[in-house]
Amino acid sequence: EVQLVESGGGLVQAGGSLRLSCAASGFTLDDYAIGWFRQAPGKEREGVSCMSYSDRSTYYADSVKDRFFISRDNAKNTVYLQMNSLKPEDTAVYFCAADPITERAWYCADNFGSWGQGTQVTVSS
């Protein structure tokens, strides 16, 4: 069974950094498009960053560009989201996702096949 488990969330002051991890099991992550999404209270889930597996091209939402960075460690079958210069607006539940269709990463939309349970990130001002 495909499983994704996020970790690394927590409370951080504005300007600080966090590194989220997503451990995958039941499949080889290297063969999947991967992504990070977030959902703030009362808002729709939005794509934060996605990466294809075919050419490793990346997508970043304008709101996080140059602050957040997505990566994967195939040996550990783990996806990471390095978040720097955090802002209160970044407060949300963050989800990792994976899909065997690499083109999913091109759009980074809320239609990935597999999802983690989410991890809370709270940025205080």
Side-chain angles (χ1 to χ4, degrees):
E1 179 177 314
V2 174
Q3 289 189 323
L4 298 168
V5 181
E6 302 95 335
S7 62
L11 176 64
V12 64
Q13 292 184 340
S17 298
L18 283 175
R19 187 195 192 202
L20 304 183
S21 299
C22 175
S25 62
F27 68 102
T28 301
L29 190 58
D30 186 50
D31 295 332
Y32 281 66
I34 58 173
W36 285 95
F37 298 77
R38 67 185 182 186
Q39 186 168 29
K43 297 184 178 180
E44 295 183 351
R45 187 159 58 188
E46 63 175 345
V48 175
S49 180
C50 292
M51 177 185 288
S52 70
Y53 67 80
S54 58
D55 60 2
R56 302 302 172 90
S57 61
T58 57
Y59 160 88
Y60 291 97
D62 289 340
S63 60
V64 307
K65 189 176 182 180
D66 298 326
R67 297 191 299 119
F68 291 12
F69 302 93
I70 189 172
S71 64
R72 72 171 90 200
D73 186 331
N74 292 330
K76 293 183 171 64
N77 216 32
T78 299
V79 183
Y80 302 98
L81 182 68
Q82 179 66 46
M83 305 186 295
N84 301 318
S85 301
L86 283 162
K87 305 174 181 179
E89 306 93 277
D90 296 319
T91 295
V93 176
Y94 283 72
F95 301 86
C96 67
D99 197 285
I101 302 176
T102 187
E103 288 80 5
R104 296 286 191 226
W106 300 356
Y107 302 97
C108 206
D110 191 20
N111 61 354
F112 278 53
S114 300
W115 295 85
Q117 83 288 351
T119 184
Q120 177 70 47
V121 172
T122 302
V123 184
S124 62
S125 60

Is there a path of hydrophobic side-chain contacts, each under 4.5 Å between heavy atoms, that joins [X] and [Y]?
{"X": "Tyr32", "Y": "Leu4", "answer": "yes"}
{"X": "Phe37", "Y": "Ile70", "answer": "no"}
{"X": "Phe69", "Y": "Val48", "answer": "yes"}

Review point. Distance only, no hydrogens: is a donor on one side chain within 3.5 Å (strictly under) of an acceptor on the other, for Ser21 and Ser7?
Key: no

Check your understanding: How long is the gap from CH2 on Trp36 to OH on Tyr80, to the nearest 0.5 Å?
Key -> 10.0 Å

**Study point:** Spacing of OH belonging to Tyr94 relative to CG belonging to Leu81, to within rounding of 0.5 Å
**Key:** 7.5 Å

Exercise for review: Take atom CD of Glu44 as the centre, draw a 6.0 Å sphere, and report whether it contains more than 12 heavy atoms from other residues, nucleotides or ligands.
Suggested key: no

Mark yes or no for whether [X], through its side chain, and [Y], through its backbone, hold a donor-acceptor pair below 3.5 Å.
{"X": "Asn77", "Y": "Phe27", "answer": "yes"}
{"X": "Asp99", "Y": "Ala33", "answer": "no"}
{"X": "Ser57", "Y": "Ser52", "answer": "no"}

Could you tell me which non-hydrogen atom of [X] sits nearest to which non-hydrogen atom of [Y], and how far apart they are?
{"X": "Ala105", "Y": "Tyr59", "result": "O-CB, 3.9 Å"}
{"X": "Arg72", "Y": "Leu29", "result": "NH1-O, 2.8 Å"}
{"X": "Ala92", "Y": "Ala40", "result": "CB-N, 3.8 Å"}
{"X": "Ser85", "Y": "Arg67", "result": "O-NH1, 3.0 Å"}
{"X": "Met51", "Y": "Thr58", "result": "CE-CG2, 3.5 Å"}
{"X": "Cys50", "Y": "Phe112", "result": "SG-CZ, 3.9 Å"}

Point to revise | Option from Ser71, Ser17, Ser49 for which side chain to side chain contact (heavy atoms under 4.5 Å, CB included) with Gln82 holds | key: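 Answer to the side chain to side chain contact (heavy atoms under 4.5 Å, CB included) test with Gln82 among Ser71, Ser17, Ser49: Ser17.
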
Check your understanding: Just one of Thr122, Thr91, Val12 clears the side chain to side chain contact (heavy atoms under 4.5 Å, CB included) bar with Leu86, so which one?
Key ->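 Single side chain to side chain contact (heavy atoms under 4.5 Å, CB included) partner of Leu86 among Thr122, Thr91, Val12: Val12.
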
Practice item. Quick one: which residue pairs count as a salt bridge (Lys or Arg N to Asp or Glu O under 4.0 Å) with a foot in residues 107-125, not counting sequence neighbours? Key: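 Counting only pairs at least two positions apart or across chains, the salt bridge (Lys or Arg N to Asp or Glu O under 4.0 Å) contacts touching residues 107-125 are Arg45-Asp110.
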
With side chains defined as the heavy atoms from C-beta onward, is the minimum distance between [X] and [Y] less than 4.5 Å?
{"X": "Asp90", "Y": "Met83", "result": "no"}
{"X": "Lys87", "Y": "Val123", "result": "no"}
{"X": "Ile34", "Y": "Tyr53", "result": "no"}

Exercise for review: Only pairs at least two apart or in different chains count here, so list each disulfide bond (SG atoms under 2.5 Å apart) that has a residue in residues 66-97.
Suggested key: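 Residue pairs with at least one partner in residues 66-97: Cys22-Cys96.
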
Practice item. Pick out which of Glu6, Glu46, Glu89 makes a salt bridge (charged side-chain N to carboxylate O under 4.0 Å, His left out) with Arg38. Key: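 Passing option: Glu46.
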
Exercise for review: Give the ring-plane orientation class for Trp115 versus Phe95, where under 30° counts as parallel, over 60° as perpendicular and anything between as tilted.
Suggested key: perpendicular

